[in-house]
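Data block below; observations after.
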Amino acid sequence: MDPRISVIQGDITRQTCDAIVNAANTSLLGGGGVDGAIHRAAGPDLLAECRTLHGCDTGKAKITGGYRLPASYVIHTPGPIWRGGENGEPDLLASCYRSCLALAAEKGCKTVCFPSISTGVYHFPLAQAAAIAIREIRAFLAEHPLPEQVTMVCFDAKTKAAYDKALAER
Ligand code: APR
């Protein structure tokens, strides 16, 4: 049982957590999917701040304000593009979760929401991505008091089922 980790189905742009995570690309200049949704909901000031960050490496994370979003912060992380699994993709995805959680803790965030990083346009296999995500979140929370609560916000039922399954496994 992980009281500090939950899985819901919903739209991450509507979550009132302290920080939401954006599945970005290395330019940090917006895109489709959840990246597009977050930029649309946050408004143009988010892109303006992102321009000052000069991109972000895959597996790393950078933090901005939330602007018109209910969340106070957006943590942008470029996940790995799936290229068959032999190019370090699993480690890079794990690094995304660790980097985001470290930044959230540094900013004193008590609640953080993640989308399913890399499992859309980047085609990372869903079940494997969910197992990596839950493993990394569990490991981080075991060592840190913050964030107090981490929520996986899944956009569809299939994604939610995969994270529910990963969370049910020890
Ligand atoms: N709330 C929560 N999850 C969402 C939302 C939303 N509003 N919109 C999409 N998602 C889900 C997708 O259904 C998928 O499960 O986010 C997950 C990640 O999918 P993508 O957004 O395609 O992200 P990713 O696979 O990491 O690809 C990143 O896509 O949008 C571009 O600029 C982005 O180049 C980058 C690439």
Side-chain angles (χ1 to χ4, degrees), residues 7-83 85 87-109 111-126 128-137 140 147 150-156 159-160 162-163:
V7 178
I8 65 169
Q9 183 170 338
D11 178 344
I12 201 165
T13 67
R14 306 179 68 78
Q15 303 305 316
T16 56
C17 44
D18 294 330
I20 63 169
V21 172
N22 179 20
N25 59 56
T26 53
S27 76
L28 295 189
L29 299 179
V34 70
D35 196 3
I38 287 173
H39 275 276
R40 273 193 302 282
D45 292 342
L46 177 60
L47 182 58
E49 184 175 359
C50 284
R51 286 192 199 290
T52 70
L53 300 177
H54 307 300
C56 184
D57 291 339
T58 300
K60 302 277 191 245
K62 290 190 177 179
I63 194 165
T64 65
Y67 301 101
R68 293 183 194 152
L69 287 161
S72 305
Y73 298 104
V74 181
I75 298 174
H76 307 262
T77 188
I81 297 169
W82 183 257
R83 293 192 174 88
N87 299 270
E89 300 95 317
D91 288 343
L92 283 167
L93 184 62
S95 175
C96 285
Y97 285 93
R98 289 197 300 272
S99 301
C100 292
L101 288 166
L103 260 185
E106 197 181 302
K107 282 285 182 182
C109 296
T111 55
V112 179
C113 286
F114 281 93
S116 176
I117 300 168
S118 280
T119 65
V121 163
Y122 283 179
H123 297 300
F124 200 112
L126 179 55
Q128 189 179 350
I132 290 167
I134 297 299
R135 182 194 72 207
E136 291 303 325
I137 294 167
F140 189 91
V150 176
T151 304
M152 290 304 310
V153 182
C154 304
F155 206 47
D156 54 53
T159 303
K160 181 172 184 308
Y163 283 84

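Just so it is clear, the structure is predicted and the values come from calculations on it, not from any experiment.
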d(T13 OG1, R40 CZ) to nearest 0.5 Å is 8.5 Å
Under a 3.5 Å distance rule, please check whether E89 uses its side chain to pair with a backbone N or O of R83 as donor and acceptor.
yes
State the CZ-CG distance between R51 and L47, to the nearest 0.5 angstrom.
4.0 Å
Determine whether the aromatic ring centres of W82 and Y122 lie less than 6.0 Å apart.
no
Check: K62 side chain, G55 main-chain N or O, donor-acceptor pair, under 3.5 Å:
yes
Rounded to the nearest 0.5 Å, the NE2 atom of H54 sits from the OG1 atom of T26 at a distance of 14.5 Å
What do you reckon, is CZ of R14 surrounded by more than 12 foreign heavy atoms closer than 6.0 Å?
no
A side-chain contact here means heavy atoms from C-beta on lying under 4.5 Å apart; do T151 and F114 qualify?
no
NE2 on H123 to CD1 on I81, rounded to 0.5 Å:
9.5 Å
Can you check whether Y73 reaches L103 side chain to side chain, under 4.5 Å on heavy atoms?
no
Sorted by chain and residue number, the side chain to side chain contact (heavy atoms under 4.5 Å, CB included) partners of C96 (sequence neighbours excluded) come out as T77, P80, I117
Atom NE2 of H76 and atom CG of L46: how far apart are they, to the nearest 0.5 Å?
4.5 Å
How many angstroms lie between CG in L92 and OG in S118, if you round to the nearest 0.5 Å?
9.0 Å
Sub-3.5 Å donor-acceptor pair from the side chain of Q15 to the main-chain atoms of I20, do we have one?
no
When you compare the side chain of F155 with that of V34, does any pair of heavy atoms fall below 4.5 Å?
no
Can you tell me if D18 uses its side chain to pair, donor with acceptor, with the backbone of T111 under 3.5 Å?
yes
Between Y97 and F140, ring centroids under 6.0 Å:
no
Residue from L28, T64, D35 passing side-chain contact (heavy atoms from CB on, under 4.5 Å) with N22
D35
If you look only at pairs with a residue in residues 21-33, which of them pass as a salt bridge (charged side-chain N to carboxylate O under 4.0 Å, His left out), with sequence neighbours excluded?
none
